[in-house]
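The chains referred to below are lettered A, B, ... by the order of the sequence lines, with proteins before strands, and numbering in each begins at 1.
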There are 2 protein chains.
Amino acid sequence: MKKNDLYNQQVEKQSQLAKCSLCSAKRFSICGKMDETQVKKVDSFKRTKNYKDKQPIFFQGDPVKSYFNVRSGNVKIYRLLDDGRMHIMGFLYPGDFMGLSSDQDTYLNSAEAIGNAEICSFAISEFDDLNKNSPEITKELLKRNFQEIEFMQKQSIIIGKLHAKDRLMEFFKNISAQRKKIGLPDNPISLPMNRQDIADYLALTIETVSRGITELKNDQKIKMIDKNKLYIN
Amino acid sequence: MKKNDLYNQQVEKQSQLAKCSLCSAKRFSICGKMDETQVKKVDSFKRTKNYKDKQPIFFQGDPVKSYFNVRSGNVKIYRLLDDGRMHIMGFLYPGDFMGLSSDQDTYLNSAEAIGNAEICSFAISEFDDLNKNSPEITKELLKRNFQEIEFMQKQSIIIGKLHAKDRLMEFFKNISAQRKKIGLPDNPISLPMNRQDIADYLALTIETVSRGITELKNDQKIKMIDKNKLYIN
DNA sequence: AAAAATCTTTGATCTAGATCAAAAAACTTT
DNA sequence: AAAGTTTTTTGATCTAGATCAAAGATTTTT
């Protein structure tokens, strides 16, 4: 059987292992802002699933039924354009929350796992209920939204104004900072996504990404440890 | 005296005219979500100022002392890059709120008036106070943030994936939609900003913007009424 | 209303990154 | 471990939009 088989049956993680109290992403998650009663409630209504590489989590246009939280692994958030091209909005890391939007009707973007990922899902009604009665959660959501706006602003400068090599360098630095935030070594970094994903994220082609990496290597700005692992000088 | 003199002395709008009850932007503003008591409070602590073309409202790096609301006119939100280039994050219209950020410490972007604009300012402490005790205001802020994220996502696709002519066309359509939202005719539209601003917003050069407009005219996609007014076919 | 300043358009040329093509490397399956 | 598949890199060529340059419009000042 192929490694990346989308139709692979998923086994729901058994409750013992999925418990919030054992969640390594809790500290960086929205759940980290909840009190014990709230976490207990989340623990009871959340579902935790293991996703394989390239397995879809939700798709643009689908009705919004759940919100999601990344427990481990990575996720890419992307939009398919009418002409079939893909634009990647961002990559998610453990502790990142997704699925909320302004209209709450249908998902605007699609999400799929990059490599193996554990994702918790919350039915919107139950999560909204919890949120409604908790200013802490609302405040945390607001804060995360502001951070996302600021990140998107930086990203629009990167895409709009920087050359290919500089976009790549900023991308590597962002991964480094993100890793630090969740307690991983910030150098060297690993690239969970492939070259095409990097291209679709930075608004470049795969060839330009490849050439850019080669040149950054020659310029001694980075050192490739292997295809998906690099050291930033 | 030059029309766009930055150092023009401002006359604070007299309270009678600046009253919230007479504000034509109230319906589209955050203030439109407030009850009478809250509006009364806002009315008492807000300050309303007239800005002239190119006059700064706040500057990136300055300590955040106030939030702002556009009462009339237009504003550009931009970031100056290290090399002196400008990236415009967006254009604001009556009813738009600005100044809030995730860290609340310093402004990340700069803001200046495009043409004459009336802007209300709120001292952060007084506004935060109001917000703290009003779930409606918080909810409205959250909603606006989501809309901004979604707008930025669309914008990143426009900048990253579309050709010059298509970027311009999307830009005109966005202005049209925005005008409709605030009760102005959605066609023809006026362009309050100049060609350089459009270029800095769409990550193009002024020459490419100019040529793009000429070509859209030739393709019968738009009809220029004058330099700053156009009809979308 | 003429002169000066600013903004916009048009023309000629250049280039970063796209596209087309193929080799090399890294994985998967048998 | 050989064959097949997918991903990444490298090479050659092309092009949309940048850059450099100057002419027209429009606005501001005198």
Report the distance from atom [atom1] of [X] to atom [atom2] of [N], rounded to the nearest whole Å.
| X | N | atom1 | atom2 | answer |
| --- | --- | --- | --- | --- |
| A/Leu204 | C/dT19 | CG | C1' | 14 Å |
| B/Asp200 | C/dT8 | CG | P | 12 Å |
| B/Lys165 | D/dG17 | NZ | P | 10 Å |
| A/Arg167 | C/dA18 | CZ | P | 7 Å |
| A/Asp197 | D/dT6 | CG | P | 16 Å |
| A/Asp83 | C/dT19 | CG | P | 11 Å |
| B/Lys54 | C/dA5 | NZ | P | 17 Å |
| B/Asp53 | D/dT27 | CG | P | 13 Å |

In chain order, what residues pass the side chain to side chain donor-acceptor pair (under 3.5 Å) check against [X], with sequence neighbours excluded?
| X | answer |
| --- | --- |
| A/Gln153 | B/Arg79, B/Asn109 |
| B/Ser66 | none |
| A/Arg144 | A/Glu140 |
| A/Tyr201 | A/Gln155 |

For the helix from C/dA1-D/dT30 to C/dT30-D/dA1, measure the angle between the helix axis at one end and the axis at the other, each built from five pairs, rounding to 10°.
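For the helix from C/dA1-D/dT30 to C/dT30-D/dA1, the axes at either end differ by 50°.
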Residues of residues 72-80 of chain A with any non-hydrogen atom less than 4.0 angstrom from an atom of DNA chain C: list those, numerically ordered, please.
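Within residues 72-80 of chain A, no residue comes under 4.0 Å of DNA chain C.
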Ring-plane angle category for A/Tyr107 and A/Phe58, please: parallel below 30°, perpendicular beyond 60°, tilted otherwise.
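Geometry flag for A/Phe58 against A/Tyr107: parallel rings.
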For B/Lys180, check salt bridge (Lys or Arg N to Asp or Glu O under 4.0 Å) against everything at least two apart and list the hits.
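Listed in chain order: B/Asp186.
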Does any donor atom in the side chain of [X] or [Y] lie under 3.5 Å from an acceptor atom in the other side chain?
| X | Y | value |
| --- | --- | --- |
| B/Arg71 | B/Ser24 | no |
| A/Ser29 | A/Asn69 | yes |
| B/Ser110 | B/Gln60 | yes |

Quick test: give all pairs of protein nitrogen or oxygen and nucleotides 11-15 of chain C nitrogen or oxygen below 3.5 Å, distance rounded to 0.1 Å.
from   : atom 1 : to       : atom 2 : distance (Å)
C/dG11 : N7     : B/Arg211 : NH1    : 2.8
C/dG11 : O6     : B/Arg211 : NH2    : 3.3
C/dA12 : N6     : B/Arg211 : NH2    : 3.4

Hey, are B/Lys49 and B/Glu118 close enough for a salt bridge, meaning a charged N less than 4.0 Å from a carboxylate O?
no
Side-chain ion pair, A/Lys54 and A/Glu112, N-O less than 4.0 Å:
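Result for this pair is no, no salt bridge flagged.
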Taking 4.0 Å as the cut-off, does a side-chain nitrogen or oxygen of A/Thr208 come that near to OP1 or OP2 on C/dG17?
no
Are A/Thr205 and C/dA18 close enough that a side-chain N or O sits under 4.0 Å from OP1 or OP2?
yes
Enumerate the side-chain hydrogen bond (donor to acceptor under 3.5 Å, both in side chains) contacts for residues 81-90 of chain B, please, sequence neighbours excluded, ordered by first and then second residue.
A/Ser156-B/His87, A/Lys161-B/His87, B/Asp83-B/Arg85
Within the 4.0 Å heavy-atom criterion, would you say A/Ala199 contacts the bases, only the backbone, or no part of the nucleic acid?
nothing
Of the residues in residues 213-233 of chain A, which ones touch DNA chain D at a heavy-atom distance under 4.0 Å?
A/Thr214, A/Lys227
Using the salt bridge (charged side-chain N to carboxylate O under 4.0 Å, His left out) rule, collect all pairs that involve residues 222-233 of chain B, keeping only residues at least two apart or in two chains.
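Qualifying pairs: none.
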Does anything in residues 214-233 of chain B pair up under ring-ring contact (aromatic ring centres under 6.0 Å, His included), and if so which pairs, sequence neighbours excluded?
none
Counting heavy atoms from C-beta on, name the nucleotide in D/dT9, C/dT9, C/dA16 closest to the side chain of A/His163.
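Nearest nucleotide to the side chain: C/dA16.
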